[in-house]
Amino acid sequence: MHHEACCPSKQQQPSTVLPMLHIANYFPIANPTLIFFVVLIVILLAPIVMGKLRIPHIIGMVLAGVALGRYGLNILERDDSFELFGRVGLYYIMFLASLEMDMEGLRKSIGRVTVFGLLSAMVPMVLTFWISRSVLGYSPESSMLLGCIMASNTLIAYPIVSRYGLGTKQSVAMSVGATLISLSLALILLAALVERNKGGGGVVFWMMFLLKIAAFCTAMVFFIPRLTRWFLRRYSDAVMQFIFIMAVMFLSAALSEIVGLEGIFGAFLAGLILNRYIPRLSALMGRIEFIGNALFIPYFLIGVGMLINVGVLFHGWHIVWVVIVTVFCGTAGKAVAAYLSGFLYQMPMRDRHMMFGLTSAHAAGAIAMVTVGIGMKTASGDMLVDDDMINGVVVMILFTCIISTIITEKAAGQITLHDAEISDEDSGDDDEKIIIPMKYPEYAERLVSLAILTRNEKLERAIVGLNVVYDDQQMRVNQAAGARLLDDMSRVAAAANVRMQTQVRVAANIANGIKHAFKEFRASEIIIGLHTHKEVSTKFWGEFHQSLFNGLNRQIMMARLMQPLATIRRIQVAVPSRAQFEPGFYRWLERLDRLAANLDCRILFHGRNDTLQLIAQYTRNRHPDVRADFQEMNHWNELPRLASTIAHDHLFVVVTARKGTVSYKAALDRLPDELTQFFSGTNLMIVFPDQYGDLMDNMTFAQPQHTEDGSAYEAIRKLIFRK
């Protein structure tokens with residue numbers, strides 16, 4: 001007995017070890033909480049591990065899905081969350097792709113997009129059909145289904161483009177547009193194949209199909225912009241705006257499925273419609289990108305990996321042939337389309353690599369298409385889709401995703417490096433640093449948005465938020481309120497990935513406080529709200545604005561924004577004669593061109609013909625995608641006439657001048673009265689040009705009388721537009 005008590009019998013030993021031997025009983029994990037935890041760990045570790053291996057982390061997400069899924073280590077059960085979040089992630093990829101596109105560039109290159117889209121669809125489709133018939137021995141119907149799968153593609157590598165900030169590049173826009181065209185053609189041909197299999201597909205079917213698509217697109221284009229403008233003007237809460245945008249995306253995706261197309265078509269269309277209402281550098285865009293890239297898109301990638309069964313490669317040579325054929329046809333066909341299109345339009349090799357990388361991956365769309373054919377039979381009575389085709393397509397997804405991400409990462413790096421070299425040459429010694437005096441919470445966010453949309457993002461410099469309070473009995477209370485305001489605005493700037501320095505300053509005079517802060521921060525310009533509170537002062541310039549622009553010779557932009565900048569449809573600019581001879585001419589013109597580019601709206605300049613020529617040449621050279629128009633205004637007395645041309649959703653910009661400067665004229669003394677009388681209630685910006693100028697504008701303007709023979713004018717033109 002004593003021996004048995006001290007030393008357990010052999011029969012008792014397995015009872016303590018048994019749970020360790022059967023740890024597999026705890027897998028796959030079915031608990032939703034644990035599933036979500038494991039997915040988050042994968043999302044966290046994949047970039048770290050793949051970064052050390054110098055492999056795009058998107059591949060890590062897919063491979064992690066392969067390892068964790070039922071065909072790998074069987075650690076996770078592919079529950080409904082992968083279906084839900086995976087669908088959302090797929091929509092998100094298409095939505096972000098169209099949301100970040102340069103719409104003006106797309107309009108100008110619509111012919112190129114169409115050609116590339118048709119080649120991207122037809123080359124792999126024809127190649128796949130021919131090889132499927134001759135090598136794999138598939139029926140015409142099965143070969144056509146496989147051709148539709150290879151014709152389409154998924155922008156699986158688009159997060160790489162988004163991370164590098166290349167969404168506005170022409171090669172990216174062409175790839176995104178080609179993806180939509182090839183996907184649409186594949187879906188239409190697939191619908192025809194299904195209807196033919198059912199014995200339908202007549203004229204009535206096609207008429208109804210096209211009618212539903214036309215009605216869907218027309219309704220979206222007509223109603224969504226109006227609803228969006230109304231909502232964004234009325235509600236400024238960040239959460240409400242984000243939820244509204246998501247609701248529009250899912251509404252469009254749902255309606256797209258109802259009319260017979262895939263939901264990703266609707267998500268893409270929603271992005272195109274909302275493109276101009278969500279500036280690329282806005283806080284709202286930052287929130288949309290963050291949520292998608294942090295959760296939904298990685299969830300989709302992991303879910304795709306869990307569908308892949310690499311083990312089927314060892315089930316026989318026929319399935320290996322299917323995989324080889326599908327990978328070769330899909331990759332080679334897309335490569336021919338991309339490099340041929342790039343050759344036709346004389347695009348750099350790095351852009352051709354980008355086009356091939358983005359359009360060569362096949363993912364969830366391929367699975368959806370092959371699933372459609374399951375259970376159907378060909379005209380000869382054979383199954384339209386056999387097991388080898390299903391397994392081959394699924395394994396093909398892994399290889400094409402790896403190829404796509406590697407090529408896209410390489411191309412993105414080459415394009416970024418090339419742009420950085422140009423940027424270093426172009427930026428020179430730009431001293432840009434914007435300071436924003438803020439007081440009223442209801443107005444501060446619009447000033448911050450204006451600064452974000454006009455700053456040079458390539459410099460990656462912080463903007464300065466300033467709150468100046470009087471040194472009086474309410475100083476402590478006002479300091480606390482100012483600190484809270486600046487904290488809120490710092491979060492707004494951070495949402496747009498912009499740093500903000502802040503300072504609450506005590507001063508006996510507001511204007512002097514701003515000027516002292518301006519010098520301390522070594523700022524280059526000021527963006528400040530235009531006086532609107534009549535209870536504070538009945539004067540047009542308010543209590544300190546006039547002292548500010550008279551006592552500071554740097555650029556000052558005073559803004560009265562009656563609505564969010566994203567809802568501005570046009571910018572109209574009144575430019576005084578001889579404005580081109582001011583040292584700060586380049587600075588304000590650059591800011592307005594950036595604003596028009598980021599808002600994707602038209603900009604109309606009013607001024608003398610000689611000034612407009614210089615503005616037009618500068619805009620064409622530096623901002624070719626800006627939609628700029630020019631209208632001659634011979635005399636400043638014509639300013640009131642412009643009031644009838646300015647709508648409630650226009651921004652009217654007046655470039656004025658300080659007394660004693662080159663472009664100053666007596667008519668500018670009437671500016672406050674004219675703006676009050678003729679432009680009351682409009683979105684207004686008044687610009688006092690820089691009298692110091694950028695280092696690149698280090699010119700002499702002291703002798704304007706030399707412009708009679710045009711020599712000084714020509715010297716300025718050559719200096720500004722030197723290559």
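Note that these values count all heavy atoms, side chains included, but never hydrogens, waters or copies made by symmetry. These figures come from a predicted structure and were not determined experimentally.
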side-chain hydrogen bond (donor to acceptor under 3.5 Å, both in side chains): which pairs involve residues 115-125, sequence neighbours left out?
->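 Applying side-chain hydrogen bond (donor to acceptor under 3.5 Å, both in side chains) to every pair that reaches into residues 115-125, excluding sequence neighbours, yields S120-K334.
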Do any N or O atoms from the side chain of [X] and from the backbone of [Y] form a donor-acceptor pair under 3.5 angstrom?
X    : Y    : answer
R352 : M347 : yes
T619 : A616 : no
D625 : A597 : no
S252 : G266 : yes
H362 : M150 : yes
T567 : P564 : yes
S162 : Y158 : no

Aromatic ring pairing F250/Y91, orientation class (parallel under 30°, perpendicular over 60°, tilted between) |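 Perpendicular.
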Compare every heavy atom of [Y] with every heavy atom of [X], then report the nearest pair and how far apart it is.
X    : Y    : result
M61  : P47  : CE-CD, 4.4 Å
S132 : L146 : OG-CD2, 3.4 Å
F116 : S341 : CD1-OG, 3.3 Å
V395 : I308 : CA-CG2, 4.3 Å
A270 : F95  : C-CE1, 3.9 Å
A566 : P279 : CB-CD, 3.7 Å

[Y] and [X], any side-chain heavy atoms less than 4.5 Å apart:
X    : Y    : value
L604 : I571 : no
F328 : F399 : no
L189 : M125 : yes
S143 : T128 : no
Y277 : P225 : yes
M389 : Y138 : yes
I224 : L274 : yes
K212 : F216 : no

R229 vs D649, salt bridge (charged side-chain N to carboxylate O under 4.0 Å, His left out): CA-CA, chis, key distance, verdict | CA-CA 10 Å; R229 282 196 296 267; D649 55 358; 5.1 Å; no
[X] [atom1] to [Y] [atom2] distance, which is reported to the nearest 0.5 Å:
X    : Y    : atom1 : atom2 : value
C601 : I568 : SG    : CD1   : 7.5 Å
L398 : L307 : CG    : CG    : 11.5 Å
I278 : M285 : CD1   : CE    : 6.0 Å
L166 : T408 : CG    : OG1   : 10.5 Å
R78  : Y71  : CZ    : OH    : 10.0 Å
I156 : T400 : CD1   : OG1   : 8.5 Å

Side-chain atoms of residues 106-115: list all donor-acceptor pairs with protein atoms under 3.5 Å, sequence neighbours left out, distances to 0.1 Å.
residue, atom, partner, partner atom, Å
R107, NE, E104, OE1, 3.3
R107, NH2, E104, OE1, 3.2
K108, NZ, P624, O, 2.7
S109, OG, G105, O, 2.7
R112, NH1, Q170, OE1, 3.4
T114, OG1, I110, O, 2.8

Mind listing the side-chain donor-acceptor pairs of residues 289-303 below 3.5 Å, one per line with the distance, residues two or more places apart or on another chain?
residue, atom, partner, partner atom, Å
N293, ND2, E289, O, 3.2
Y299, OH, S81, OG, 3.2

[X]/[Y] ion pair, N-O < 4.0 Å:
X    : Y    : value
D600 : R280 : no
K169 : E100 : no
E257 : R87  : yes
R622 : D593 : no

Hey, mind stepping through I603 and D629 against side chain to side chain contact (heavy atoms under 4.5 Å, CB included) and telling me if it holds?
-> CA-CA 6 Å; I603 183 168; D629 299 311; over 6 Å; no
Kindly check if the number of other-residue, nucleotide or ligand heavy atoms within 6.0 Å of [atom1] ([X]) is above 12?
X    : atom1 : result
K410 : NZ    : no
F242 : CZ    : yes
W130 : CH2   : no

Full working for side chain to side chain contact (heavy atoms under 4.5 Å, CB included) between N497 and E457 = CA-CA 10 Å; N497 202 25; E457 61 175 318; over 6 Å; no
Please walk me through it: do Y339 and H353 pass side-chain hydrogen bond (donor to acceptor under 3.5 Å, both in side chains)?
-> CA-CA 8 Å; Y339 290 105; H353 292 331; 2.7 Å; yes
Dump the intermediate steps for side chain to side chain contact (heavy atoms under 4.5 Å, CB included) on I245 and M249, then the final yes or no.
-> CA-CA 6 Å; I245 296 301; M249 181 185 76; 5.8 Å; no
Full working for side chain to side chain contact (heavy atoms under 4.5 Å, CB included) between L358 and S404 | CA-CA 6 Å; L358 283 176; S404 173; 5.9 Å; no
